[in-house]
Amino acid sequence: MDTAFRGALVVDGSGRPAYRADVGLAGGRIAAVRPVADGGPRLTARHTLDADGLALAPGFIDMHAHSDLALLRDPDHSAKAAQGVTLEVLGQDGLSYAPVDDRTREEVRRAITGWNGDGTDLDLDWRTVGEYLDRLDRGVAVNAAYLVPQGTVRMLVLGWEDRPARPAELDRMRHLVAEGLEQGAVGLSSGLTYAPGMYADTAELTALCRVVARYGGYYCPHHRSYGAGALAAYAEMLDVTREAGCALHLAHATLNFGVNAGRAPELLALLDTALADGADVSLDTYPYTPGCTTLAALLPSWASEGGPEAVLARLAEDDTAARIRHTLEVTGSDGCHGVPVDWDTVEIAGVAEPSLAALVGRTVAAAARDRGEEPFTTARRLLRADRLGTTILQHVGHEENVRAIMRHPAHTGGSDGILQGAKPHPRAYGTFPRYLGHYVRETGVLSLEECVARLTGRPAARLRLPDRGLVREGHRADLVLFDPHTVADRATFAAPRTPPAGIPHVLIDGRFVLRDGHRTDVLAGRSVRRTA
């Protein structure tokens, strides 16, 4: 036995009651789980750690992460490792860095600078999904799975055109999705409020989901609206996957903006009806009310056609900018979920251009008041000066919706953590300890056992990983030890990069990536690929 943890409170990821046990590791796997109540001899090993007072659980699985470049850029990656995360699911919201060619590599790099940085500090030397996963296999901080990004696939085949795909183009997109799944992707993602993925109609999405179903993957959409029309947008995703025979995992499932206050029961009724009809549906949420995206994402879809340079050209033209303003502030753009934008809720979280740093932490409305101008004028000026690289927080959520959705049996945890910007959303650094501290210990929304299952066993089942997500003999020794009495998020909107409390040890493949609360130099993470 390499390592033994003695007397831990084992919260095994199944949802069953916790129990005290010794847990032994050997060769990167769990070799023994011996309940203390059995009265037998205690486990011994080359390294023994007294875990009395600590809970031992499977490593947490972040079902919605934006660490696509951060894992390569930052070997430490304590934003996730310190939370107990041992696996992240990348390729989210329909936009990521594979599959690409030379043209689309540069276009997607520009399009999601606000999520991941512009990538010029890295050699983006891959083109296919498999090559990107191979790059991760050189050693990263935590494990990572990947979703084929539908928007990137559409960009590769159709560019940034807002039109239906022709039959030959649809065939090529199907081929690219199949190729990505064959190379190890676990499913397909969409960002249906982000160009160019938002230009796909229901029939196109259904055709791609049929490919995903054939490979046993799942579809993970950021659907067309989390505001006005949100329930119809959820219903569309249920219809798409029902028609395609595909599993569905709803990304950052919530209901935001004033039009949706208190409406979570309507969403949950929709999900329950689908589940009762035999649908395979799960979802993830982050335990906060504000959202996070890019300022450019709020623009109407017609203004985004043609790609980043076309957007900047439209913003530079006064008459077109006036049309954009009317759509944003009066009718409600599809990029802003069909709701007229309230600039007082839009907080600038990060900028790509250093000279704009003084705006970080200000709402667009407050920055406009400082300048004595209209909020749209400030937003337009910022988009142009930052070349669309601005990240924002949107304070549009509702706590009662967050809690109601969190309680649903199909729920799993996902941070949606964007690590860019001077003042990122604290969910990137606090999601998992916040679940365990605030929503288990402080408010009792979830029991400890049920919460851990939503962060471990249930996500592993969605990803079809037969040897992860549970404390079981023979499973991989991806583990987290935390103090259930003190575990807490300490990241705040004022200090978003503050590490959590109460998580002393994290292991991947039986190797400590966090020991006594300190990050080690171990890079035990690898790609986790779809299995046949």
Which residues pass the side-chain contact (heavy atoms from CB on, under 4.5 Å) test with [X], not counting sequence neighbours?
{"X": "Arg387", "answer": "Arg110, Glu309, Leu312"}
{"X": "Asp489", "answer": "Tyr288, Pro433, Arg434"}
{"X": "Arg407", "answer": "Arg403, Val445"}
{"X": "Leu122", "answer": "Leu69, Leu72, Arg73, Leu124"}

| request: Among residues two or more places apart or on two chains, list those pairs meeting salt bridge (Lys or Arg N to Asp or Glu O under 4.0 Å) that have a residue in residues 182-201. | output: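 Listed once each, the pairs would be none.
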| task | For residues 247-258, pull every pair meeting salt bridge (Lys or Arg N to Asp or Glu O under 4.0 Å), keeping only residues two or more places apart or in separate chains. | result | none
| note | So ring-ring contact (aromatic ring centres under 6.0 Å, His included) across residues 351-385, not counting sequence neighbours, yields none
| said: Filter on ring-ring contact (aromatic ring centres under 6.0 Å, His included), then keep only pairs touching residues 161-213, sequence neighbours left out; what's left? | reply: Trp115-Tyr194, Tyr194-His222
| request: May I ask you to decide whether Asp344 forms a salt bridge with Arg369, counting only side-chain N to carboxylate O separations under 4.0 Å? | output: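 Looking at Asp344 and Arg369, the cut-off is met.
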| remark: Hits for ring-ring contact (aromatic ring centres under 6.0 Å, His included) against Trp160, two or more places apart or cross-chain, chain-then-number order -> none
| side chain to side chain donor-acceptor pair (under 3.5 Å) partners of Tyr218, counting only residues at least two apart |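 None.
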| Of all residues at least two apart in sequence or in a different chain, which pass the salt bridge (Lys or Arg N to Asp or Glu O under 4.0 Å) check with Glu169? | Arg163, Arg166
| message | Restricting to salt bridge (Lys or Arg N to Asp or Glu O under 4.0 Å), what partner residues turn up for Arg105, sequence neighbours left out? | response | none
